[in-house]
Amino acid sequence: MADITVLAALTGGGIIGAASALLLAGHRRVAGISGIAAGVLPPWGKESIWRFWFLAGLIISGPLYRLIGLVVPVELQASWPVLAIAGLLVGYGSRLGGGCTSGHGVCGIARLSLRSLIATLVFMTTAGITVYLVRHVLSGVW
């Protein structure tokens with residue numbers, strides 16, 4: 001993770017913002033990944049097609065990035081079962097909160113939504129508390 005530079009972070013953030021703006025301008029849709037993912041589940045409709053291609057782009061961008069010779073260092077510090085449980089909890093929390101960090105944090109705050117600001121503050125506070133508990137309180141328990 002030490003290899004990630006400020007320039008790389010700004011570039012990634014800019015690309016995410018541009019993609020969100022293009023989706024909003026082109027389809028009048030917010031780029032909330034949890035909502036887009038939920039939209040590819042049955043029953044399918046006209047909206048499912050663009051949602052599928054949006055998710056496909058997210059999934060294949062990593063391998064494409066590697067294919068052109070660029071590598072993003074990834075260091076997983078948890079086991080696959082812990083990651084799977086964490087992913088399910090994030091998905092449940094996203095549905096409970098009416099959106100995820102991309103929908104509320106990127107798009108909602110950019111649209112000056114008070115609901116998204118509050119949701120993002122709750123997400124980030126919960127994440128900070130969780131990291132503290134896992135690294136400092138529960139370290140070595142699992």
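In this text the structure is predicted, and so the values were computed from the model without any measurement.
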> How far apart are the closest heavy atoms of T5 and A8, and which atoms are they?
Replying inline: OG1-N, 3.0 Å
> For W50, which of V40, L55, I36 qualifies under side-chain contact (heavy atoms from CB on, under 4.5 Å)?
Replying inline: I36
> For the atom pair OG1 (T130) and CG (L89), what is the distance rounded to the nearest 0.5 Å?
Replying inline: 9.0 Å
> In chain order, what residues pass the side-chain hydrogen bond (donor to acceptor under 3.5 Å, both in side chains) check against W53, with sequence neighbours excluded?
Replying inline: none
> By side-chain contact (heavy atoms from CB on, under 4.5 Å), which residues pair with S61, not counting sequence neighbours?
Replying inline: none
> Same cluster or not: are I129 and F123 linked, directly or through other Ile, Leu, Val, Met, Phe, Trp or Tyr residues, by side-chain heavy atoms under 4.5 angstrom apart?
Replying inline: no
> How close do A31 and F54 get, heavy atom to heavy atom, and via which atoms?
Replying inline: CB-CZ, 4.2 Å
> For Y132, which residues count as a ring pair (Phe, Tyr, Trp, His ring centres under 6.0 Å) partner, sequence neighbours excluded?
Replying inline: H136
> Which residues pass the side-chain contact (heavy atoms from CB on, under 4.5 Å) test with W44, sequence neighbours left out?
Replying inline: P42, S48
> Quick one: salt bridge (charged side-chain N to carboxylate O under 4.0 Å, His left out) pairs with a partner in residues 49-67, sequence neighbours left out?
Replying inline: E47-R51
>> Once rounded to the nearest 0.5 Å, what's the spacing between atom CG of L121 and atom CD1 of I109?
In response: 7.0 Å
> So do L64 and L67 actually touch side chain to side chain, heavy atoms under 4.5 Å?
Replying inline: yes
>> If I take atom CG from residue L83 and atom CG from residue L76, how far apart are they, to the nearest 0.5 angstrom?
In response: 6.0 Å
> For S116, what residues pass the side-chain hydrogen bond (donor to acceptor under 3.5 Å, both in side chains) criterion, not counting sequence neighbours?
Replying inline: H104, S113
> How far apart are the closest heavy atoms of I33 and C100, and which atoms are they?
Replying inline: N-SG, 3.5 Å
> How far does CZ of R115 sit from OG1 of T120, to the nearest 0.5 angstrom?
Replying inline: 10.5 Å
> Can F52 be reached from I49 by stepping across I, L, V, M, F, W or Y side chains whose heavy atoms are under 4.5 Å apart?
Replying inline: yes
